[in-house]
Novice: 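Please read through the structure below; I'll follow up with questions.
Remember, it's a predicted structure, so these values are computed and weren't measured experimentally. We count ligands from 1, going down the list as the structure has it; atoms in each ligand are counted the same way. By convention here, the first residue in the shown sequence is residue 1.
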Amino acid sequence: MSNEVFSLCFMCSIRCPIKVLVESGQVKWIEGNPHVPGMEGSLCPRGSAGISLLYDSERVQSPMIRTGERGEGKWRKATWDEALDYAGDKLKQVIQAHGPQSVVFGERTNLSTHVSKTFMKAIGSPNHFTHDALCKGSVNTACRSLFGYTDAQMGMDLKNSRHVVLYGRNMFEAISVKEVNNLMDALSAGAKLTYIDPRVSVTATKASRYWMIRPGTDLALNYALIHVILAERLYDAAYVERWVSGLPDLRNFVRSYTPEWAEKETGIPASEIVALAREVCNVKPSVIFHFGYRGAHHANEIYMRRSILILNTLMGSIEAKGGLFFKKGPGALGKKPAQKLTEQKFEKITLPRFDKVGTADFPLPDPDHGVAQMLAPAILNDDPYPVKALIANRFDPLQSIPDTNQMKAALKKLDLIVAIDINYSDIAWYADVILPESIYLERTDCIQQANGLKPQMFLRRQAVTPRYDTREAAMIIKQLGERIGVGAYFPYASMEELVRWQLEPTGFTFEDFESKGFVAYGKEQIFWDREEGIQFKTPSGKIELKSSLLENAGFSSFPEYEPVPTNTGNTFRLVVGRTALHTHVSTQNNLYLNELFSENRLWINSGKASALGIRSNDMVDVTSACGSGKIKSFVTDLIHPEAVFMIHGFGHEAKLATRCYNHGLSDSVIQENISDRIGGSPALHDTFVTVNPA
Ligand SMILES: Nc1nc2c(c(=O)[nH]1)N[C@H]1C(S)=C(S)[C@@H](COP(=O)(O)OP(=O)(O)OC[C@H]3O[C@@H](n4cnc5c(=O)[nH]c(N)nc54)[C@H](O)[C@@H]3O)O[C@H]1N2
Ligand SMILES: Nc1nc2c(c(=O)[nH]1)N[C@H]1C(S)=C(S)[C@@H](COP(=O)(O)OP(=O)(O)OC[C@H]3O[C@@H](n4cnc5c(=O)[nH]c(N)nc54)[C@H](O)[C@@H]3O)O[C@H]1N2
Ligand code: SF4
Ligand SMILES: [Mo]
């Protein structure tokens, strides 16, 4: 018996649409969903390695209760009832002694996030947070400061773009399959690609122009680009006149930031900066200055992201073909989205959040997501109140939040740690109880509302039954809710029932997803009318260069540029990033992917390495103000002398993940926990390290 199931990949959070071939209850093949433009059969290496995740005997096979010390690795197998009762009893005790706000729920945003949020609203705790701040919090705030929309409400029409500028957006290694395919189509059609990175990544090798920028100085480059564009009147004057407020302020501000000034700061020749400004203007508005993701993690990241968005604004590329666009939902066609459990009625929660988002400490970060990196400081200082229980779902605070030593100290203070995971991740290893989720091929998930130029919905659909004693997160959370008296908020007995309920207002049925894996609300792309119809959500209804969001909170829209200090000798700026072969901290133990890439190394510039007596593959000591570790070196000309680089996600501590245990070094151990207090992201690249032969 063989059949094909249309579903969604979850080897990373991009959620590419897939087609799964199942024979006699076994997954034989996975490929990109051929019905989805941009996928057409393709997958990235991690997506293809989904099969080895399914058959991995090292994932968590049943609920586990800790018997030794935290992190010691002593466990006993438990039944679901035992594990849920255990977690439920502890939660009740914590809530009784310290109030519901002492419970924090952290997760990587996923399709059942509305279920987790419902759990927290039901118990009366304000403390749900997602990974968002760690990934792109400052991008989110920057977008809201200019347009009134979050970054998640914006998209990029890469396929039709004629010039794409990437600031460390390493698209050919930090992959989203559709985006890569769309970019390749654009390049085949003659589009230009400018890539800026202190390190020669794979994307640099595909670019028409590559600049090895001095690390941390992209903001200086952008101020100079804006200077040239305004001085030479290269911008889309009609668009700016119609839609932009604050141009005179911007013009005054950038007057002194000349290309010659930026050359000294960035190392990029002034003449080349002028050349790029002129080149992009020739093809405006089909120009994209990519505003994501992780190229610039600095304490002033918000201003770097704003400068990128301002460049798009000056090109008139917002809501233009080949530029950026606002995602349209079913409402644009008079239709309804899938409903969510969070739409139920709850008692109002008036307590402040653990991370102080919405108070004077963090007035602007998005309260829908919170600021994850405040978790450890909040626990350690009982500030603003004691936090006593953590539920971590599909998220690893030990490896995904900077300063692991600080996090370990904080975890020690908790009365309860619950991990909902598929692997022996480090947080599972430190948990009191592990509630294992079925992997994506084994489960049906909540609806994915995919807004965009054409609003659609996708469904992750169970391809095979679970190999081990695992359940779906939305069922686990419901069952935990039942243990503590809030079961009524979860009125479903199976995932199919939940999905059918979600679809009720939409006019589509569960069965409608069978033939292609998705449904579309309409056939045509929806662009707003560029003369009259763009619906900016700022108070002025315009793009606010001088931002009311920032200024009402007491922050400047245009703070003076602060020069980035140079580092010399054996001191370097630590920068981090992805490989095409792994997802963050998730896949290092995957049999296939581990074989292809089993250990990270520290990239160090050849000249610097030779002065320090370091050769390739020598072990080196890396030390920062908060941690240190050993890692093999990779000596190369392909990195700026002021930076060292490592791939994120290695140095796992969980011994039962035997293939990746103790391989390489975790960047989180070294990175200091510093925040962009306006934007909300951690400043992962503001850590300086010393490097010495080990
Ligand atoms: N130091 C440092 N920190 C970072 C970054 C960095 O570069 N360096 N990058 C930041 C960025 S951009 C992001 S997006 C975040 C990502 O941070 P995380 O979301 O924490 O990272 P992931 O590796 O995506 O997933 C974490 C956990 O999800 C588990 N998991 C995988 N699939 C499933 C599943 O189907 N169900 C369940 N329940 N669990 C599952 C994995 O086993 C793993 O333990 O990290 C951020 N933090
Ligand atoms: N294979 C794979 N693909 C992924 C993911 C994954 O884990 N694995 N994760 C997904 C997620 S959640 C995210 S957020 C995206 C991340 O997508 P990207 O942001 O494109 O990926 P990173 O590898 O984090 O990019 C960091 C790059 O920035 C460069 N950089 C460092 N400092 C500077 C600087 O000062 N200026 C400039 N211009 N560049 C600098 C680094 O050298 C590195 O090449 O990838 C997504 N896709
Ligand atoms: S980018 Fe790769 S791993 Fe991520 S969802 Fe798509 S195919 Fe899966
Ligand atoms: Mo991310």
Novice: Using the ring pair (Phe, Tyr, Trp, His ring centres under 6.0 Å) definition, which of the options F6, F458, F513 pairs with H35?
Specialist: F6

Novice: Check R199 against ligand 2 and report side chain, backbone, both or neither, counting heavy atoms closer than 4.0 Å.
Specialist: side chain

Novice: Checking R214 against T217: is there a side-chain donor and acceptor pair closer than 3.5 Å?
Specialist: no

Novice: Nearest to atom 7 (O) of ligand 2, what protein heavy atom do you find, and at what distance?
Specialist: H584 N, 2.9 Å

Novice: Quick one: CG on L8 to CG on N33, what's the gap to the nearest 0.5 Å?
Specialist: 9.0 Å

Novice: Please confirm whether G295 comes within less than 3.5 Å of ligand 2 when only nitrogen or oxygen atoms on both sides are compared.
Specialist: yes

Novice: Report, in ascending order of atom number, the atoms of ligand 2 lying under 4.0 Å from any heavy atom of H685.
Specialist: 31 (C), 32 (N)

Novice: Using a 4.0 Å cut-off to any heavy atom of V576, which atoms of ligand 2 qualify?
Specialist: 26 (C)

Novice: Would you check whether D197 has a nitrogen or oxygen atom less than 3.5 angstrom from a nitrogen or oxygen atom of ligand 2?
Specialist: yes

Novice: I196 to ligand 2: N or O pair under 3.5 Å?
Specialist: yes

Novice: Number the atoms of ligand 2 from 1 as they appear, then name those within less than 4.0 Å of a heavy atom of D218, with their elements.
Specialist: 34 (C), 35 (O), 36 (N), 37 (C), 38 (N)

Novice: Quick one: which ligand 2 atoms are inside 4.0 Å of a heavy atom on P215?
Specialist: 35 (O)

Novice: Step through the shown structure and confirm whether more than 12 heavy atoms of other residues, nucleotides or ligands are within 6.0 Å of NZ on K327.
Specialist: yes

Novice: N/O of G216 under 3.5 Å from N/O of ligand 2, yes or no?
Specialist: yes

Novice: Is it the case that D676 and S681 place a side-chain donor and acceptor less than 3.5 Å from each other?
Specialist: no

Novice: Can you list the ligand 3 atoms lying under 4.0 Å from a non-hydrogen atom of L43?
Specialist: 7 (S)

Novice: Considering only non-hydrogen protein atoms, determine which one is nearest to atom 1 (S) of ligand 3 and report residue, atom name and distance to 0.1 Å.
Specialist: R46 NH2, 3.4 Å

Novice: Is there a polar contact between ligand 2 and T579, counting only N or O atoms under 3.5 Å apart?
Specialist: yes

Novice: Please list the nearest protein heavy atom to atom 18 (P) of ligand 2 with its residue and the distance rounded to 0.1 Å.
Specialist: R169 NH1, 3.6 Å

Novice: When the aromatic ring centroids of Y561 and W261 are compared, is their separation below 6.0 Å?
Specialist: yes

Novice: Can we call the ring centroids of F597 and H582 under 6.0 Å apart?
Specialist: yes

Novice: Under a 3.5 Å cutoff, is there a donor and acceptor pairing between the side chains of R46 and T583?
Specialist: yes

Novice: Quiz question: by atom type and distance under 3.5 Å, do the side chains of N300 and E562 form a donor-acceptor pair?
Specialist: no

Novice: Looking only at protein heavy atoms, which one is nearest to atom 14 (S) of ligand 2, and what is the separation?
Specialist: C135 SG, 3.3 Å

Novice: Would you check the N or O atoms of E173, main chain and side chain alike, for any that come under 3.5 Å of an N or O of ligand 2?
Specialist: yes

Novice: Closest approach of A262 and I273, non-hydrogen atoms and distance?
Specialist: CB-CD1, 4.0 Å

Novice: Please indicate whether any nitrogen or oxygen in T217 is less than 3.5 Å from any nitrogen or oxygen in ligand 2.
Specialist: no

Novice: Determine the sole option in I288, L183, N312 for which the side chain to side chain contact (heavy atoms under 4.5 Å, CB included) test with M156 is passed.
Specialist: I288

Novice: Taking the six-membered ring for Trp and the single ring otherwise, decide whether the centroids of H227 and Y257 are under 6.0 Å apart.
Specialist: no

Novice: Identify, by atom number and element, the atoms of ligand 2 in contact range of Y167, meaning under 4.0 Å from any of its heavy atoms.
Specialist: 38 (N)

Novice: Which bit of K136 gets closer than 4.0 Å to ligand 2, counting heavy atoms only: side chain, backbone, both or neither?
Specialist: neither

Novice: Of all the non-hydrogen atoms in the protein, which one sits nearest to atom 2 (Fe) of ligand 3, and at what distance?
Specialist: C44 SG, 2.3 Å

Novice: Do me a favour and list the nearest non-hydrogen protein atom to atom 21 (O) of ligand 2 with residue, atom name and distance?
Specialist: A174 CB, 3.3 Å

Novice: Taking everything shown except E595 itself, do over 12 heavy atoms lie less than 6.0 Å from its CD?
Specialist: no

Novice: If you measure from each non-hydrogen atom of R108 to ligand 2, which part falls under 4.0 Å: side chain, backbone, both or neither?
Specialist: side chain

Novice: Which residue and atom name correspond to the protein heavy atom nearest atom 15 (C) of ligand 2, and how close is it?
Specialist: Y293 CD1, 4.0 Å

Novice: Side chains of H652 and Q399 only: does a donor on one sit below 3.5 Å from an acceptor on the other?
Specialist: yes

Novice: Taking only heavy atoms of M11 into account, list the atoms of ligand 3 that are under 4.0 Å away from them.
Specialist: 3 (S)

Novice: Considering only heavy atoms of H582, which atoms of ligand 2 have at least one such atom less than 4.0 Å away?
Specialist: 1 (N), 2 (C), 6 (C), 7 (O), 8 (N)

Novice: Verify whether one side chain among R460 and T444 offers a donor that lies under 3.5 Å from an acceptor in the other.
Specialist: no

Novice: Any atoms of ligand 2 less than 4.0 Å from a non-hydrogen atom of R46? List them with their elements.
Specialist: 1 (N), 2 (C), 3 (N), 4 (C), 5 (C), 6 (C), 8 (N)

Novice: Whether the R443 and S438 side chains hold a donor-acceptor pair (N or O, under 3.5 Å, no angle test) is what I'd like checked.
Specialist: no

Novice: How does H648 reach ligand 2, if at all, at less than 4.0 Å between non-hydrogen atoms: by side chain, backbone, both, or neither?
Specialist: neither

Novice: Any nitrogen or oxygen of I175 lying under 3.5 Å from a nitrogen or oxygen in ligand 2? Just yes or no.
Specialist: yes

Novice: Output yes if C9 passes the N/O/S-under-2.8 Å test against atom 8 (Fe) of ligand 3; output no otherwise.
Specialist: yes

Novice: Would you say S400 and H131 are linked by a side-chain donor-acceptor pair, where the criterion is simply a distance under 3.5 Å?
Specialist: no

Novice: Where is the nearest protein heavy atom to atom 4 (Fe) of ligand 3: which residue, which atom, and how far?
Specialist: C12 SG, 2.4 Å

Novice: At under 4.0 Å between heavy atoms, which part of A580 makes contact with ligand 2: side chain, backbone, both or neither?
Specialist: backbone

Novice: For atom 23 (O) of ligand 2, what's the nearest protein heavy-atom neighbour? Residue, atom name and distance, please.
Specialist: R578 N, 2.7 Å

Novice: Check each atom of ligand 2 against the heavy atoms of R294 and keep those under 4.0 Å away; list them by number with element.
Specialist: 14 (S), 19 (O), 24 (O)

Novice: Could you give the distance from CG (D157) to CG (N182), rounded to the nearest 0.5 Å?
Specialist: 8.0 Å

Novice: Just to confirm my output: which protein heavy-atom neighbour is closest to atom 39 (N) of ligand 2, and how far is it?
Specialist: P198 CD, 3.3 Å

Novice: Under 4.0 Å from a heavy atom of I175: which atoms of ligand 3 are those, numbered in the order shown and with their elements?
Specialist: 1 (S)

Novice: Note the single closest protein heavy atom to atom 27 (C) of ligand 2, along with its residue, its atom name and the distance in Å.
Specialist: G168 O, 3.1 Å

Novice: Decide whether E107 and T113 meet the rule of one side-chain donor and one side-chain acceptor closer than 3.5 Å.
Specialist: yes

Novice: Is C16 close enough to atom 6 (Fe) of ligand 3 to have an N, O or S atom under 2.8 Å?
Specialist: yes

Novice: Does OH belonging to Y592 count more than 12 external heavy atoms closer than 6.0 Å?
Specialist: no

Novice: Does atom NZ of K608 have more than 12 heavy-atom neighbours from other groups under 6.0 Å away?
Specialist: yes

